[in-house]
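Everything numeric here is computed off the predicted structure, so don't read it as measured data. Lettering of chains follows the sequences in order, A, B, ..., and the numbering in each one begins at 1.
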There are 2 protein chains.
Amino acid sequence: MSLRHAALGLLSEGPASGYDLMKLFEVSLSNTWPATQSQLYAELGKLADAGLVDVVAEGPRGRKEYAITPEGLTELRRWITDVEPARATRSDMLLRVFFLAQISPERARGYLHRQAELSGKEAERLEGVRGFVESGTDNLSVYGRIALEYGLRISRAQQEWAEWAEEQIR
Amino acid sequence: MSLRHAALGLLSEGPASGYDLMKLFEVSLSNTWPATQSQLYAELGKLADAGLVDVVAEGPRGRKEYAITPEGLTELRRWITDVEPARATRSDMLLRVFFLAQISPERARGYLHRQAELSGKEAERLEGVRGFVESGTDNLSVYGRIALEYGLRISRAQQEWAEWAEEQIR
DNA sequence: CATTGCATGTAACGCGTTACATGATTAT
DNA sequence: ATAATCATGTAACGCGTTACATGCAATG
């Protein structure tokens, strides 16, 4: 039920079309909450039906510009403050760890080594993104940088864990 | 497509019924890959159709004991070594961060404070689990402890991030 | 004999992914 | 002209959740 709130959240910064939102997703939420175009268009339709957004303008090529309604803003705030974030995080990377006894110790170490590398690369990638979004004083940029810091810290922690884990296997 | 491999992985340690597997899930994989009873029974049926597991015994109350087949073991190993783990991790906790400008700074700090607390509690809970599974020399216990260490490190990192983030908001 | 535990399944619904389908407008 | 970009949608399929349905066997 969170794509709904992701869309509401982006619209809380100003009106936009589905197409605009899709681009916004790519540069902001994509690492936190990936969404596909199909999904987004469908969700905008449902949001409009529910009265949480309105179509405020229609442009060329059938463009529909959506704006959040007062009810939508209320719902967004309610979701932020009153709904407990889900705890369950599925990780197929970690799931494999449980079954490493089924492959040779060499391969198992190889697996963990590769995960350490991937996490390291991910951290570097995020450092790059940080350089790119350093300016930007709009809400999404300001809080996006806080979210980015999260990604960085988690990636580094994951890398260190994988390096540690690799050494545990003898 | 990972519940399939979770089931294969558990069966690689020995034959078990759906009911047994469900209990095993609860004490081992539940933090990494939650699964419901419906889902598991359905998946066992599909695995049997695909020849990756066999029904090796039928007991009282319609109990069916499943065992992994050589093909199943091959598939499990292929999945571990040849299939790249998914990178995308959705986090509705982090998604909310992007939209914190929509609530007051006090509330925003409150949100982050609460997340720090929750992560701290989660870390403590995992410390407790660690005390509980310290012995245990079977594969699942050995690798489960490595997975547990992951959860611990990530929880601590998350806690520290949330504490840091709270201070960023003025 | 009643409760608890063992044991398996079905049905409905929503979210997410992939692929497909269509067409208008702008820039070169 | 034609290619790139803008722009919206539909359809099929799979995974995951929740709720429901059923019944046997062991324990006290």
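Straight-line distance from the CD atom of B:Glu58 to the C1' atom of C:dA7: 12 Å, rounded to whole Å. When the P atom of D:dG16 is taken as reference, atom CG of B:Leu44 falls 14 Å away, rounded to whole Å. Atom pair B:Glu43:CD and C:dT10:C1' shows a separation of 16 Å (rounding to whole Å applied). The nearest whole Å value for the distance from the CG atom in B:Asp92 to the P atom in C:dC15 is 14 Å. Following rounding to the nearest Å, A:Leu47 (CG) and C:dC15 (P) show an atom-to-atom distance of 11 Å. B:Arg61 places its CZ atom 12 Å from the P atom of C:dG5, with the value rounded to the nearest Å.
Regarding contacts with the backbone of C:dC15, a side-chain N or O of A:Lys46 is found under 4.0 angstrom from either OP1 or OP2. Neither OP1 nor OP2 of D:dG9 sits under 4.0 Å from any side-chain N or O of A:Tyr41. For B:Lys64, a side-chain nitrogen or oxygen approaches OP1 or OP2 of C:dG9 to under 4.0 Å. When the side-chain nitrogen and oxygen atoms of B:Arg63 are compared with OP1 and OP2 of C:dA7, one or more of them lie within a distance under 4.0 Å. In this model, the phosphate group of C:dT17 is approached by a side-chain N or O of B:Arg90 to a distance below 4.0 Å at OP1 or OP2.
The stretch residues 17-40 of chain A touches DNA chain D through A:Ser17, A:Gly18, A:Tyr19, A:Gln37, A:Ser38, each having a heavy atom under 4.0 angstrom from the strand.
A:Asp54 pairs by the side chain to side chain donor-acceptor pair (under 3.5 Å) definition with nothing, not counting sequence neighbours.
The residues B:Arg87 and A:Glu122 are annotated as salt-bridged, a charged nitrogen and a carboxylate oxygen being separated by less than 4.0 angstrom. A salt bridge is defined here as a Lys NZ or Arg NE, NH1 or NH2 lying under 4.0 Å from an Asp or Glu carboxylate O, and A:Lys121 with A:Glu124 fails to meet this definition. Under the 4.0 Å criterion applied to side-chain N and carboxylate O atoms, A:Glu166 and A:Arg114 are not assigned as salt-bridge partners. The residues B:Arg4 and B:Glu75 are annotated as not salt-bridged, no charged nitrogen and carboxylate oxygen being separated by less than 4.0 angstrom.
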Pairs of donor and acceptor atoms involving the side chains of residues 42-51 of chain A, under 3.5 Å and at least two apart or interchain, shall be tabulated with distances.
none

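With DNA chain C read from its 5' end, the first of the two nearest nucleotides for B:Ala42 and A:Met1 is the one closest to B:Ala42.
Counting any heavy atom pair closer than 4.0 Å across all strands shown, A:Arg4 reaches no nucleic acid atom.
Below 30°, between 30° and 60°, or above 60°: for B:Trp79 and B:His5 the angle between ring planes is below 30°, a parallel geometry.
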